[in-house]
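Here's the structure, in structure tokens; my notes come after.
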Amino acid sequence: MAKLTVNDLDVAQKRVFVRVDYNVPMEERDGKMLINDSTRIKETLPTLRLLISKGAKIILAAHLGRPKGKREPSMSLRPVAELLSQMLSLPLAFVDDCIGEKVAQAVATLKPGGLLLLENVRYYDEEEANDPAFAAKLAANADAYVNDAFGAAHRAHASTEGVARVVAARGGKCAAGLLMERELKYLGNELENPASPFVVILGGAKVSDKINVIDRLLEKADTILIGGAMAYTFKLALGQKVGKSLCEPDKKEVALAALAKAKTKSIQFLLPTDNIVATGVATGKLNKKGKPIMEFQNPRTESGQDIPDNEEGFDIGPETAKRYADILRQAKTIMWNGPMGMFEDKRFAAGTLTVAHAVADATAKNGAKSIIGGGDSVKALNQSGLGDQVTFMSTGGGASLEFLEGKVLPGVAALSEK
Ligand code: AMP
């Protein structure tokens, strides 16, 4: 059933508790925390502008980092308040707490169209524990609830789930924000009945992270293209050599089951036929986690199926990239999650870039709907300047994967039905 959205709400003069995803990357410079990327803040502006135009009194709540129940100053949302105020060209109040008397007082002074940002909800352990008493305290000043934090909707926390339950129990409305609505539309409805050919392209590190997504998309897709390190688990399962490539030998059975399902359903399921390989050499240094730092030398194209014993695969090869790109250019629906290789290193980025261009081409020239399932594929598209040339890029990482798996997200389930 469809969920209520912020468009459906009549919130003039009402106090609306809005859960947003302001978990932005920050770094410390000269003793000050600076925001490195404001995309997540920008994404919430349409919902905020709509609520302002409706005359709501807006109470914004979010988490930042993992302070584990402590008041960790480097994880304060105060810098976000400053930036958000600039972006909206409006004054915005900030309270250094998310519950209690100070919050009640600040809410009482809010005018219609006014905004207040609360301090990091994860300064309290009760947030992640979804503690009912804490949820009731958060909800104390709310007549209605809006969730625009898709990236946090897979967690049943007090601000993503508990508050909605309290507001709903009092007869208040709980609605999806405009960003949340778009996420549900593209990752949900649009993939329910995709126009054919529906090409799914999956990459990234691990089969185990994405096997449930593969399994679900095997119900809908015409073609599945596999890249990234996850391809090596499939290759290993098929008896091919993968050298020292990152792979999961204990997931061979899972990979074989997916291949068998694809065959039964006559779905084209393609693996790389050539690879960019390199030789790992230990530098003798350790990283922050105490693991040896490797250097990858002599990158080259291995045109055979097998990867020699002393080498490691880091990207799909040019022949595979071209074959995948040709298939993508014919597609009418594309779902892409995960890079084709270790794209953070320029030497291993060509496969991901070729795919990104093909996805953009299919969208512009073939009228394809292209949906990018969050995480590193979004980063890769933005890096290549193609971010605005696809139909939709999800803001969720874990949340998009869980939604694509067909799981019910607690933050979505708690919203009112239309
Ligand atoms: P994921 O979060 O599962 O989408 O994985 C993304 C990460 O996988 C990126 O950081 C990539 O660098 C990494 N990755 C992709 N392909 C490879 C590969 N062949 N070898 C090592 N890492 C890879």
Side-chain angles (χ1 to χ4, degrees), residues 1-3 5 19-23 39-40 43-44 62-63 65-66 121-122 127-130 146-165 174-177 179-192 194 198 200-221 224 226 228 230 233 248 251 254-255 257-258 261 333-339 370-379 391-415 417:
M1 234 206 201
K3 294 293 181 182
T5 81
R19 177 57 158 98
V20 280
D21 182 2
Y22 289 162
N23 190 23
T39 310
R40 285 186 166 153
E43 297 276 9
T44 65
H63 79 272
R66 296 199 168 113
V121 285
R122 287 198 188 166
E127 160 67 4
E128 291 188 68
N130 199 4
V146 169
N147 192 343
D148 217 13
F150 178 76
H154 57 317
R155 310 265 184 239
H157 292 169
S159 66
T160 60
E161 206 261 358
V163 178
R165 301 279 176 210
C174 300
L179 173 61
M180 174 76 90
E181 184 188 17
R182 271 165 58 76
E183 295 275 2
L184 301 180
K185 172 177 176 221
Y186 284 106
L187 296 180
N189 302 353
E190 294 284 352
L191 295 182
E192 271 308 306
F198 176 24
V200 172
I201 176 147
L202 292 170
K206 290 182 180 171
V207 170
S208 51
D209 286 346
K210 292 178 191 167
I211 191 62
N212 293 334
V213 175
I214 296 176
D215 199 53
R216 180 122 191 282
L217 291 173
L218 276 167
E219 303 295 333
K220 307 262 177 201
I224 297 192
I226 302 284
M230 90 153 81
T233 303
E248 296 172 283
K251 291 290 176 297
V254 164
K261 184 166 172 182
T333 311
I334 296 169
M335 160 69 220
W336 181 19
N337 184 296
S370 49
I371 297 162
I372 317 302
D376 276 326
S377 4
V378 168
K379 221 186 270 171
T391 312
F392 180 71
M393 289 201 294
S394 175
T395 54
S400 339
L401 282 181
E402 288 197 22
F403 194 58
L404 288 169
E405 284 173 14
K407 281 194 190 148
V408 175
L409 306 186
V412 177
L415 302 177
E417 308 291 346

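Keep in mind that this is a model prediction, so the values were computed, not measured. Counting begins at 1 with the first residue of the sequence.
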Answer yes or no: is there a donor N or O on one side and an acceptor on the other, between the side chain of K3 and the main chain of L415, under 3.5 Å? yes
Between M180 and A153, the two heavy atoms sitting closest are CE-CB, 4.0 Å
Margin query: I'd like to know whether NZ of K261 has more than 12 heavy-atom contacts from other residues, nucleotides or ligands below 6.0 angstrom.
Written below: yes
Residues D209 and E405: closest non-hydrogen pair is O-OE2, 4.2 Å
Tested for side-chain hydrogen bond (donor to acceptor under 3.5 Å, both in side chains) against H63, the lone hit among R155, R19, E127, H157 is R19
When rounded to the nearest 0.5 Å, the distance separating CG of L409 from NE2 of H154 is 8.0 Å
Fill in: Sidechain-backbone polar pair: T233 side chain, E248 backbone, donor-acceptor under 3.5 Å
yes
d(S377 OG, L202 CG) to nearest 0.5 Å is 9.0 Å
**Asked** Between the side chains of T395 and E43, is a donor N or O closer than 3.5 angstrom to an acceptor N or O?
**Response** no
On a heavy-atom basis, the closest approach of K220 and F198 is O-CD2, 3.6 Å
Paired with L187, the side-chain contact (heavy atoms from CB on, under 4.5 Å) test is passed by just one of I371, L401, I372, namely I371
Heavy-atom nearest pair, T44 first then D148, reads CA-OD2, 4.1 Å
The reported gap from OH in Y186 to CE in M335 (rounded to nearest 0.5 angstrom) is 14.5 Å
Closer than 4.0 angstrom, basic N to acidic O: yes or no for R182 and E190? no
To the nearest 0.5 Å, atom CG of D215 lies from atom CG of L404 at 13.0 Å
Value for CD1 (I334) from CG (L191), rounded to nearest 0.5 Å, stands at 11.5 Å
Counting C-beta onward and ignoring hydrogens, is there a side-chain heavy-atom pair between N337 and V213 closer than 4.5 Å?
no
All heavy atoms of N23 vs all of G65, minimum pair found to be OD1-N, 2.8 Å
One should read off an interatomic distance between C174 SG and E417 CD, to the nearest 0.5 angstrom, of 11.0 Å
Shortest non-hydrogen pair, I211 vs A258, comes out as CD1-CB, 4.2 Å
